[in-house]
Amino acid sequence: MPMPRLVAALIGAAILAPATVLACSGAGAKTHVGTLTGTDPGNGTISIIDAESRQPMTFSAPPDIIESLSGAKGVVRIDYEGSGDALTAIDVQR
């Protein structure tokens, strides 16, 4: 890769990375942003890798939310209720 392209790519990554890392705290209370890693209709859950902590998170969710994410990929924003390990998704936006 020619040097100017490499420099441009590194600058672009540096500019975009802080926006992703701050996504959860900037999204507001009771909201997580992350990469969707799967849905489990049988258990009524959806899973993400949290953008801020980079840790996996699982939310229980009603069937309509799980169904709306069937086959989806990429970043989602999850509004939830609860605390600790008992998190319930109440709205998901792609």
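Taking hydrophobic clusters as Ile, Leu, Val, Met, Phe, Trp and Tyr residues chained together by side-chain heavy-atom distances below 4.5 Å, Met57 shares a cluster with Leu69. Both Ile66 and Ile48 are members of a single hydrophobic cluster when ILVMFWY side chains are connected at heavy-atom separations under 4.5 Å.
Listed here is the closest heavy atom pair of Leu36 and Ser47: CD1-O, 3.4 Å.
Within a 6.0 Å sphere centred on CG of Asp85, heavy atoms belonging to other residues, nucleotides or ligands number 12 at most.
Counting only distance, with no hydrogens or angles, the side chain of Lys73 and the backbone of Thr35 share no donor-acceptor pair below 3.5 Å.
Put simply, the side chain of Ile46 reaches to within 4.5 Å of the side chain of Ile78, judged on heavy atoms.
Residues satisfying the side chain to side chain donor-acceptor pair (under 3.5 Å) criterion with Thr37, sequence neighbours excluded, are absent altogether.
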Only pairs under 3.5 Å count here: list side-chain donor-acceptor contacts from residues 87-94, not counting sequence neighbours, and write none if there are none.
{"unit_1": "Thr88", "atom_1": "OG1", "unit_2": "Ser60", "atom_2": "OG", "d": "3.0"}
{"unit_1": "Asp91", "atom_1": "OD2", "unit_2": "Gln93", "atom_2": "NE2", "d": "3.3"}
{"unit_1": "Arg94", "atom_1": "NH2", "unit_2": "Ser68", "atom_2": "O", "d": "3.2"}

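Atoms OG1 and OH, from Thr31 and Tyr80 in turn, are 7.0 Å apart once rounded to the nearest 0.5 Å.
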